[in-house]
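Keep in mind that the numbers below use all heavy atoms, side chains included, and drop hydrogens, waters and symmetry copies. Here the structure is a predicted model, which is why all the values come from computation and not from measurement. Sequence lines set the chain letters: A, B, ... in the order given, protein chains first and strands last, and positions in each chain run from 1.
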2 protein chains.
Amino acid sequence: MDLRRDVFQAIADPTRRAILLLLSTQALTAGAIAANFDSSRPAVSKHLQILTACELVSQEQIGREVYYHLQPEKMKEVDDFIEQFRQHWEERFNQLDKVLAVMKRERGKGKK
Amino acid sequence: MDLRRDVFQAIADPTRRAILLLLSTQALTAGAIAANFDSSRPAVSKHLQILTACELVSQEQIGREVYYHLQPEKMKEVDDFIEQFRQHWEERFNQLDKVLAVMKRERGKGKK
DNA sequence: CATACTCGAAACCAAATGGTTACACAAGTC
DNA sequence: GACTTGTGTAACCATTTGGTTTCGAGTATG
């Protein structure tokens, strides 16, 4: 595995997104996480490796168990990206508002 | 090509993210987009195909040219996902604020 | 009509991805 | 010390991905 530490690549996989959501409420061990999925434990372990590599998740060893913690701050990288588009879709909303306002006026005229 | 219409998959590729940013200011033809990248035109064409399939981009044929338009609303799907984490990182900020506030108080006491 | 241009589609290829089974290793438990 | 348990790692495999070159279809332009 290449261990590409790219957040966008990391969240591209639906299983990894599910893991992140799982960890958003509580830290869990690798085994506990794997129990929530159909795929084998090593498969989940690999996903955790990828998530750890890109720092979306951190490890904490307690005895022989390894707890995985979510690092939500890292998600800001994605947020920064879509932020560049948020204004655009808000603009469109505003344009739609204008159109609706015009339609309303027109309808009002029609009624008269 | 599988034509998977998954927005997360679509923005996983850096070239595709660059294309989306390019189109955020203006609609462009396939050739004009390809001119901005090192890879060949067909490669870019494939990326556009993927972006079109998941509706991040729309096509408009004018004569023999095809203009690609950004559809920023589709990015909301990603926004909805990270929204679930935004509260978490904001929580952490608040906790940090509390810690800093306590430290400030403690320091004030020390001065006395 | 012939020619040039823009572009998508097909065929093909190397590399990356996601999965499995098998194994190794440290930490508790008897 | 022997045994079980929780994990990570290695080796391997099928599929997907991103790229290329080649071809064909449609649209101006002479």
Rounded off to whole Å, could you give me the CG-to-P distance for the A/Leu48 and C/dG19 pair?
-> 12 Å

Do you know which two heavy atoms are closest between B/Ser24 and B/Leu70, and how far apart they sit?
-> CA-CD2, 3.6 Å

Which of the following nucleotides, D/dT21, C/dT20, D/dG8, is nearest to the side chain of B/Pro42?
-> D/dT21

Residue whose nearest DNA chain D nucleotide is more 5′ - A/Gln59 or A/Arg64 = A/Arg64

To the nearest Å, give me how far apart CG (B/Leu51) and P (D/dT17) are.
-> 14 Å

Measure from the side chain of B/Ser40, starting at C-beta and using heavy atoms only, and say which of C/dG18, D/dT20, C/dT20 lies closest.
-> D/dT20

Base, sugar-phosphate, or nothing for A/Gln61, non-hydrogen atoms under 4.0 angstrom?
-> nothing

Any N or O donor-acceptor pair linking the side chain of B/Arg41 to the base of D/dG19 at under 3.5 Å?
-> no

Does some side-chain heavy atom of A/Ile62 sit less than 4.5 Å from a side-chain heavy atom of A/Glu60?
-> yes

To the nearest angstrom, the CD1-C1' distance between A/Ile62 and D/dT5 comes to 16 Å

Verify whether one side chain among B/Tyr68 and B/Gln59 offers a donor that lies under 3.5 Å from an acceptor in the other.
-> yes

Whole Å only: how far is the CG atom of B/Asp13 from the C1' atom of C/dA15?
-> 14 Å

Does the distance from a Lys or Arg side-chain N to an Asp or Glu carboxylate O, for A/Arg86 and A/Asp79, drop under 4.0 Å?
-> yes

Given D/dT7, is OP1 or OP2 found less than 4.0 Å from the side-chain N or O atoms of A/Ser45?
-> no

Roughly, in whole Å, what's the span from CD1 in B/Ile11 to C1' in D/dG18?
-> 18 Å

Strictly by modelled atom types, are A/Ser58 and A/Gln71 linked by a side-chain donor-acceptor pair under 3.5 Å?
-> yes

A/His47 NE2 - C/dT20 P separation (whole Å) | 9 Å

A/Glu60 CD to D/dG6 P, straight-line distance once rounded to whole Å = 18 Å

Does the ring center of B/Phe8 lie less than 6.0 Å from the ring center of A/Phe8?
-> no

Among C/dT20, C/dT6, D/dT20, which is the nearest nucleotide to the side chain of B/Glu65?
-> C/dT6

Distance-minimising heavy-atom pair for B/Ala10 and B/Leu51 = CB-CD2, 4.2 Å

Contacting residues from residues 16-30 of chain A, given that a heavy atom lies under 4.0 angstrom of DNA chain C = A/Arg16

When the nearest nucleotide of DNA chain C is assigned to A/Gly63 and to B/Tyr67 on a heavy-atom basis, which residue is associated with the more 5' position?
-> B/Tyr67

Reckon A/Gln9 has a side-chain N or O less than 4.0 Å from the OP1 or OP2 of C/dT17?
-> yes

Donor-acceptor pair under 3.5 Å: do we get one between B/Lys46's side chain and the base of C/dG8?
-> no

In this structure, are over 12 heavy atoms from other groups packed under 6.0 Å from B/Asp38 atom CG?
-> no

CD1 of A/Ile50 versus P of D/dG8: gap in Å, rounded?
-> 13 Å

Sugar-phosphate only, base, or nothing, as touched by A/Tyr68 at under 4.0 Å among non-hydrogen atoms = sugar-phosphate

